There are 2 protein chains.
Amino acid sequence: MGVTKSDKFTEEQNRLASIAKALGHPARIAIIQQLKEKDACNCGDFVKEIGLAQPTISQHLKELRNVGIIKGTVEGTSVCYCISHDTWKECRELFAEWFNVDLGCSCC
Amino acid sequence: MGVTKSDKFTEEQNRLASIAKALGHPARIAIIQQLKEKDACNCGDFVKEIGLAQPTISQHLKELRNVGIIKGTVEGTSVCYCISHDTWKECRELFAEWFNVDLGCSCC
DNA sequence: AACGTACATTGCAATATTGCGATGATTTTA
DNA sequence: TAAAATCATCGCAATATTGCAATGTACGTT
């Protein structure tokens, strides 16, 4: 019924899934890519670069904020967005551990 | 309108996003985790372990197959699922490259 | 105070996702 | 060949996501 049964899974599984979910849209990938190249950007920068409407970008920024990957600081009339180093480190370690497994599959 | 404008993004951005999206559900995380531990499983194994209905598991398996992370081989009346080593390597490298960046953010 | 700028929020329409019962397809077994 | 086992697909309901126009909010400028 369109609702994920997250109580069936461990916290780690849910955390990993929600981070992956946040990265699961090209606009959000593009936002982070721009942040990696430019250090800090405000909402208008993303709108210009990505070419989606301002409310749409704002919503994508909100989702990235919700999982903690980015954070925004109000600076006068604009908001400076940048990557959260702590969460970034958490993600890097989570995914590295996740993928860095010696797969011993012998069935195919 | 509920439809992702993927033509606005690069192929790499779309690829990374679709892999992340496939990982963006705890049931699919649990499926892969089980595959990492047990080498090979059939659909019934996942149903038993995860506790979702068989059609639901089957659909999650399909999505993982669509991005190439897993592959299934028919073995008699059952289907042997295992991780695709090629795509696994691709994912590992994509994410490692993606996260392994020296962030020089100085704004916050 | 009035206006402009920058961003968030609201409300809406279109589409996608999640989950499952019922049913279909395929292979093995009796 | 009939029955059983295993999985995929269909069809549906509930909910989530995507995108945007309109509007709200907060700060700076004149």
Side-chain angles (χ1 to χ4, degrees), chain A residues 1-9 13-14 17-31 34-35 40-67 70-82 107, chain B residues 1-9 13-14 17-31 34-35 40-67 70-82 107:
Chain A
M1 315 136 182
V3 65
T4 299
K5 302 198 164 177
S6 47
D7 53 306
K8 282 184 180 295
F9 307 99
Q13 287 170 336
N14 283 317
S18 61
I19 292 174
K21 191 176 182 182
L23 299 177
H25 192 291
R28 296 193 285 268
I29 294 287
I31 285 173
Q34 200 173 334
L35 278 179
C41 304
N42 50 37
C43 183
D45 292 340
F46 298 122
V47 174
K48 237 178 291 176
E49 190 77 26
I50 296 176
L52 291 174
Q54 180 265 321
T56 306
I57 295 292
S58 192
Q59 191 179 326
H60 284 304
L61 289 170
K62 188 180 182 181
E63 285 178 56
L64 290 173
R65 244 175 17 217
N66 284 343
V67 289
I70 66 173
K71 48 186 175 176
T73 317
V74 179
E75 276 188 0
T77 128
S78 128
V79 174
C80 166
Y81 278 103
C82 61
C107 79
Chain B
M1 316 139 182
V3 64
T4 299
K5 300 199 165 176
S6 47
D7 53 304
K8 283 182 180 292
F9 307 98
Q13 286 170 337
N14 282 317
S18 61
I19 292 174
K21 191 176 180 181
L23 299 178
H25 192 290
R28 298 194 284 269
I29 294 286
I31 286 173
Q34 200 172 335
L35 278 180
C41 304
N42 51 35
C43 183
D45 293 339
F46 298 122
V47 173
K48 236 178 292 176
E49 189 76 27
I50 296 175
L52 291 174
Q54 180 266 322
T56 306
I57 295 291
S58 193
Q59 190 180 328
H60 283 305
L61 289 170
K62 188 181 183 182
E63 285 177 55
L64 289 173
R65 246 174 17 219
N66 284 345
V67 289
I70 67 173
K71 48 186 175 175
T73 318
V74 179
E75 276 188 0
T77 126
S78 127
V79 174
C80 166
Y81 279 103
C82 61
C107 80

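These numbers come from a predicted model, not from an experiment. Lettering follows sequence order; numbering is per chain, from 1. Computed from heavy atoms alone, side chains included, the values below leave out hydrogens, waters and symmetry copies.
At C:dT17, none of the side-chain N or O atoms of B:His60 fall inside 4.0 Å of OP1 or OP2 (strictly under the cut-off). Look at A:His25 and you'll find a side-chain N or O under 4.0 angstrom from OP1 or OP2 of D:dG19. At D:dC20, one or more side-chain N or O atoms of A:Thr56 fall inside 4.0 Å of OP1 or OP2 (strictly under the cut-off). For C:dA6, the OP1/OP2 oxygens have no side-chain nitrogen or oxygen of A:Tyr81 closer than 4.0 Å.
Separating the NZ atom in B:Lys71 from the CZ atom in B:Arg65 is a distance of 13.0 Å, to the nearest 0.5 Å. In this structure, CD on A:Gln13 lies 10.5 Å from CD1 on B:Ile31, to the nearest 0.5 angstrom. With rounding to the nearest 0.5 Å, the separation of CG in A:Asn14 from CD1 in B:Ile29 is 9.5 Å. For the atom pair CD (A:Gln54) and CG (A:Leu61), the distance works out to 9.5 Å, reported to the nearest 0.5 Å.
Between B:Phe9 and A:His25, the angle of the ring planes goes over 60°, which puts this pair in the perpendicular group of the 30/60° scheme.
As a whole-Å value, the separation of B:Glu75 CD from D:dA5 C1' is 15 Å.
B:Thr4 comes within contact range of the sugar-phosphate backbone alone, with a heavy-atom separation under 4.0 Å but no base atom that close. Contacts of B:Leu52 with the nucleic acid, taken as non-hydrogen atoms under 4.0 Å apart, involve only primed sugar atoms and P, OP1 or OP2.
DNA chain D is contacted by both A:Ala53 and A:Lys21; A:Lys21 maps to the nucleotide lying nearer its 5′ end (nearest heavy atom per residue).
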Which atom pairs link the protein and nucleotides 9-14 of chain D when you take only N or O atoms and keep those under 3.5 Å?
{"unit_1": "D:dA14", "atom_1": "N3", "unit_2": "A:Met1", "atom_2": "O", "d": "2.9"}
{"unit_1": "D:dA14", "atom_1": "N3", "unit_2": "A:Gly2", "atom_2": "N", "d": "3.1"}

